[in-house]
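Chain naming here is simple, since letters A, B, ... match the order of the sequence lines and numbering starts at 1 in each.
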Amino acid sequence: GQQLNQSPQSMFIQEGEDVSMNCTSSSIFNTWLWYKQDPGEGPVLLIALYKAGELTSNGRLTAQFGITRKDSFLNISASIPSDVGIYFCAGQLGGGSNYKLTFGKGTLLTVNP
Amino acid sequence: GAVVSQHPSRVICKSGTSVKIECRSLDFQATTMFWYRQFPKKSLMLMATSNEGSKATYEQGVEKDKFLINHASLTLSTLTVTSAHPEDSSFYICSARDFREDEQFFGPGTRLTVL
């Protein structure tokens with residue numbers, strides 16, 4: 001089955017620094033999604049990407065859908081303490097009834113004030 | 001945004017008992033709901049896809065007789081962990097797809113601990 005490789009596995013940064021994380025896949029997806037999960041909570045959608053090459057921003061977050069449809073990255077600029085959490089990428093084939101999400105293994109972000 | 005609730009938020013049970021977890025879409029109709037399992041510091045693993053009015057589709061390796069899923073209405077899906085054992089202890093998360101949109105909304109999760 002499809003697998004997503006997400007890196008880095010964890011990051012320790014200082015407040016104010018920029019962060020970048022990425023996901024690669026062995027096969028294509030038609031939708032890439034980035035989620036944030038706080039401890040003991042469900043994932044919350046940050047950014048959704050629907051078109052190859054698409055670059056989308058949401059506040060301090062920027063994500064891109066790779067042109068090959070096999071990769072995506074997420075950047076966080078000027079990090080703040082509340083950015084702490086686990087970030088997951090997810091891919092979706094979509095169309096018809098195939099709305100299953102395949103998740104990456106997550107990036108644990110720690111921000112030191 | 002759309003809201004998905006789960007009940008209970010955490011449950012502790014004895015080995016051998018069955019536990020039911022509810023997933024509700026509060027302000028939209030969900031023709032499809034998904035059940036995930038997450039171990040500590042691990043990713044979300046899809047267990048099954050639940051379609052309203054039909055049988056659930058289970059992922060490879062997930063025992064359908066162990067994890068019973070019922071999607072009886074457009075706003076409710078239930079997951080029953082039958083004859084629970086300590087290895088079933090995990091964080092169970094559901095998501096619901098709003099049929100009008102191409103987006104899934106996640107519930108807050110249920111922490112199951114089997115003693």
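Here CG of B:Leu46 is found 9.0 Å from CZ of A:Phe103. Values are rounded to the nearest 0.5 Å. Atom-to-atom distance recorded for A:Thr102:OG1 and B:Leu44:CG is 11.5 Å, nearest 0.5 angstrom. Atom CD in A:Gln37 sits 9.0 Å away from atom CZ in B:Phe106 (nearest 0.5 Å). Between atom OH of residue A:Tyr35 and atom OG of residue B:Ser95 there is a gap of 7.5 Å, rounded to the nearest 0.5 Å.
Two different hydrophobic clusters hold B:Val4 and B:Trp35 under the rule that ILVMFWY side chains link at heavy-atom gaps under 4.5 Å. In terms of hydrophobic clustering, with Ile, Leu, Val, Met, Phe, Trp and Tyr side chains grouped at heavy-atom distances under 4.5 Å, A:Met21 and A:Phe65 are assigned to a common cluster. Hydrophobic clustering (ILVMFWY, side-chain heavy atoms < 4.5 Å, transitive): A:Phe73 and A:Tyr87 are in distinct clusters. In the hydrophobic clustering of this structure, B:Phe91 does not group with B:Val19; members are Ile, Leu, Val, Met, Phe, Trp, Tyr whose side-chain heavy atoms approach within less than 4.5 Å, directly or through other members. Under the 4.5 Å side-chain heavy-atom criterion for Ile, Leu, Val, Met, Phe, Trp and Tyr, A:Leu45 and B:Met33 are members of distinct hydrophobic clusters.
Scanning both residues, B:Gln104 and A:Tyr99, for their nearest heavy atoms gives NE2-O, 2.6 Å.
When each of B:Gln38, B:Arg10, B:Lys42 is checked for heavy-atom pairs under 4.5 Å with chain A, B:Gln38 comes out on top.
Residues of residues 56-88 of chain B lying under 4.5 angstrom from chain A, judged on non-hydrogen atoms, are B:Glu59 in numerical order. Applying a 4.5 Å heavy-atom cutoff, the residues of residues 107-115 of chain B that approach chain A are B:Gly107, B:Pro108. Of all residues in residues 104-113 of chain A, those placing a non-hydrogen atom less than 4.5 angstrom from a non-hydrogen atom of chain B are A:Gly104, A:Lys105.
Around CD of A:Glu15, the count of heavy atoms belonging to other residues, nucleotides or ligands within 6.0 Å exceeds 12. Under a cut-off of 6.0 angstrom, the local environment of CE in B:Met45 is sparse, with at most 12 non-hydrogen atoms contributed by other residues, nucleotides or ligands.
Put simply, the side chain of A:Pro43 reaches to within 4.5 Å of the side chain of B:Ile93, judged on heavy atoms. Two residues are said to be in side-chain contact when any heavy atoms from C-beta on lie closer than 4.5 Å; B:Tyr36 and A:Leu101 meet this criterion.
Listed by chain and number, the residues in a side-chain contact (heavy atoms from CB on, under 4.5 Å) with A:Asp18 are A:Ser77 (sequence neighbours excluded).
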